[in-house]
Visitor: 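Pasting in a structure now, in structure tokens, and then I'll have a few things to ask.
Residue numbering restarts at 1 for every chain, and letters A, B, ... go by the order of the sequence lines.
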There are 2 protein chains.
Amino acid sequence: MNIQSITIKDIAKALNLSYSTVSRALKGSYQISEPVREKVLAYAREHNYRPNLLAQSLKNKNSRCIGVVLCTIPNSFLGEVINGIESIASSKGYLVIITQTNESLENEKKALDQLTMRAIDGLLISVSTETRDVKHLEPYHERGLPIVFFDRICAGLPTHLVQSDNEGGAFELTKHLLDQGYKRIAHITSPTHLAMTQERLKGYRRAYREAGLSVKEDLLKHCAHGGAIVAEVEQALDELFSLPEPPDAILAASDRMTQSSFQYLRRTGKNIPEDVALAGFSNFSAPELFSPALTTVVQDAFEMGKRAAGLLIERIEKKHKPFDPEKIVLPVQLQVRASTQQTITK
Amino acid sequence: MNIQSITIKDIAKALNLSYSTVSRALKGSYQISEPVREKVLAYAREHNYRPNLLAQSLKNKNSRCIGVVLCTIPNSFLGEVINGIESIASSKGYLVIITQTNESLENEKKALDQLTMRAIDGLLISVSTETRDVKHLEPYHERGLPIVFFDRICAGLPTHLVQSDNEGGAFELTKHLLDQGYKRIAHITSPTHLAMTQERLKGYRRAYREAGLSVKEDLLKHCAHGGAIVAEVEQALDELFSLPEPPDAILAASDRMTQSSFQYLRRTGKNIPEDVALAGFSNFSAPELFSPALTTVVQDAFEMGKRAAGLLIERIEKKHKPFDPEKIVLPVQLQVRASTQQTITK
DNA sequence: TTGAAAGCGGTACCAC
DNA sequence: GTGGTACCGCTTTCAA
């Protein structure tokens, strides 16, 4: 479909000018006489001239589009990240194209294919749970596509990274739970090969260590699809509560895992926080409206989007200058609410 | 940025063929000899040939992209609609480009501009609260851009519409509240000029009428930004609870309004459902986890996306055939929970 | 069956 | 300052 009204050639013919003159006039080129410029601009305005961005992109080899790859759009955390990205991108005149992986590496590759065939100027990516390395990204990186990782970063490419303080968040949350007297804190999280998972585990372990306690490995559960499938979270919980010593607290690694755990506990008649405490990395918009109100580690999603987009666009626009890969770690915020506060000490 | 490896011309030169032959071979054109075709395909595969979609689009005047315009991405209802759209679009090989209006007509126009300059093949749009007519869409429609309205439809264009049964949903919810003994049901909703608002009001009024009661007009509150701004919802509630006869129930028209109302009631110490009942059009993923569990009218968001995308792509692919504008009204589902069930009758 | 060439809409180099 | 023209990568008509 092409909704083009008139082209540069039409203007040139109508005004008896050459294509190049019209093109220059339209771009406000310095050396075009005032009268000609005005004539062109007036005609263009009057006939509602609109440049064909496809043609421009083809010629200029840039599209003023940035591609975003993430696992899923309907997600309170990622939704806000997207808004952060858009706020920066649109202010700089970039269109944002979002693609979803649904946690599949296959889809991730397809998305990259689609995006790059359309000549995006840069890429923001939060990898899928299935992604173990950056092999599929290397060809693009080598050809000069600016890439910035956000949220779920993946090592191996000398480029910018923007993420939350996963280690710190997990540490604080675990410490809080231990302080509240919970001792058997189950951690439901993503596959170990993800850097994010490792970082959170590190914080979790550090809190135990600093409390002089040892981690029970059977309380660590990894969901292959990062909680995207409710059944995998339920299975993890089934296993946890079948243990000789079941957990007295659940630390979930994402919105989806937190919610599925919540529903599970509710359904199986466990009282929160008396029987089991529940807390998670979560950006629900109203965690205080849950019953009980939910303790969360909140990430600055909007800021993450802004920073990632900012770094990406900077790289795009200083294309040929070398740069130092930056790693931005955004602070997270522990919000303690009723779901982890027991009145009596165990 | 262009991540192109090799072009058709490269292949042609390497194989000593003409551009056109290569182009045809790549497309599997019928009249290309088997050996030539295989040679081209093999070479292309080996050298990782990837077509330049921009060039194809420029030439073919179609881009296999569809544009989506909606108010905001981080929204549980619209997020699911997007997924519905993507499920159909990607299965048919279309890339989806989503743009947000944030409830501003100005942004809506800009988004349309961006999308059409990039030659989208079709448009899915849920208009902003500020949008009163389709004037800004007419030029595109007239030039042949297939358009399908979804969710917030806007009359005036002979095209497909996909929406929820707003009238029925509001009717059922209001009837339910009346049945529960609530008499002064406040309705917090969007501006009256939106068709959706009118339809819901119609259902609301019908329920009152059928119950033999008359509607108190001072219980109807319209939020100019559709609830996007928390303050406007709070102001509406302030006004409602300053009335000589304050409401005993709140019927909110969207997720955002429902949530803001919930927070307001909580903050001002009103008990739900004893002091005030609360219910709304809402697609929260876990309304049962709220305290109290929330009565909702749930829309089939995913289906809405699927149907809208399906109709659009059908129109795109049968471009020149005439068509009958269809209006699809999807059923909604009333889910009664604790927030509207009082134990004692007033 | 294959090739030559024009053209999609714009840009930019090179002349004048 | 302005014009002529080649070219971005691909498609397609027309000829051979």
Visitor: Please report, rounded to the nearest Å, how far the P atom of dG1(D) is from the CD atom of Glu34(A).
Guide: 11 Å

Visitor: Could you state the atom-to-atom distance from NZ of Lys61(B) to C1' of dC8(C) in whole Å?
Guide: 5 Å

Visitor: Sort and list the pairs that fulfil salt bridge (charged side-chain N to carboxylate O under 4.0 Å, His left out) and have at least one residue in residues 97-109 of chain B, not counting sequence neighbours.
Guide: Glu103(B)-Arg152(B), Glu103(B)-Arg256(B)

Visitor: Separation of Asn62(B) atom CG from dC10(D) atom P, in whole Å?
Guide: 15 Å

Visitor: Can you name the residues that form a ring pair (Phe, Tyr, Trp, His ring centres under 6.0 Å) with Tyr43(B), not counting sequence neighbours?
Guide: His47(B)

Visitor: Nearest whole angstrom, please: distance from the P of dC8(D) to the CG of Asp10(B).
Guide: 10 Å

Visitor: Find the distance Ile11(B):CD1 to dT11(D):P and express it as a whole number of Å.
Guide: 11 Å

Visitor: Measure CD/Glu38(A) against P/dT2(D) and give the value in whole Å, please.
Guide: 12 Å

Visitor: Please tell me whether His160(B) and Phe150(B) form a close aromatic pair, meaning their ring centres lie under 6.0 Å apart.
Guide: no

Visitor: Please collect all salt bridge (charged side-chain N to carboxylate O under 4.0 Å, His left out) contacts where either partner lies in residues 131-140 of chain B, sequence neighbours excluded, each pair once.
Guide: Asp133(B)-Lys135(B)

Visitor: May I have the distance from Leu54(A) (atom CG) to dG9(D) (atom C1'), rounded to whole angstrom?
Guide: 12 Å

Visitor: Any chance you could measure Leu105(A), atom CG, to Thr131(A), atom OG1, to the nearest 0.5 Å?
Guide: 4.5 Å

Visitor: Each nucleotide in nucleotides 11-16 of chain C should get exactly one letter: B, S or -. Can you fill that in based on protein heavy atoms under 4.0 Å?
Guide: BBB---

Visitor: Salt bridge (charged side-chain N to carboxylate O under 4.0 Å, His left out) with Asp10(A): which residues, sequence neighbours excluded?
Guide: none

Visitor: Taking the axis from the first five pairs and the axis from the last five, what angle separates them in the helix from dT1(C)-dA16(D) to dC16(C)-dG1(D), rounded to 10 degrees?
Guide: 40°

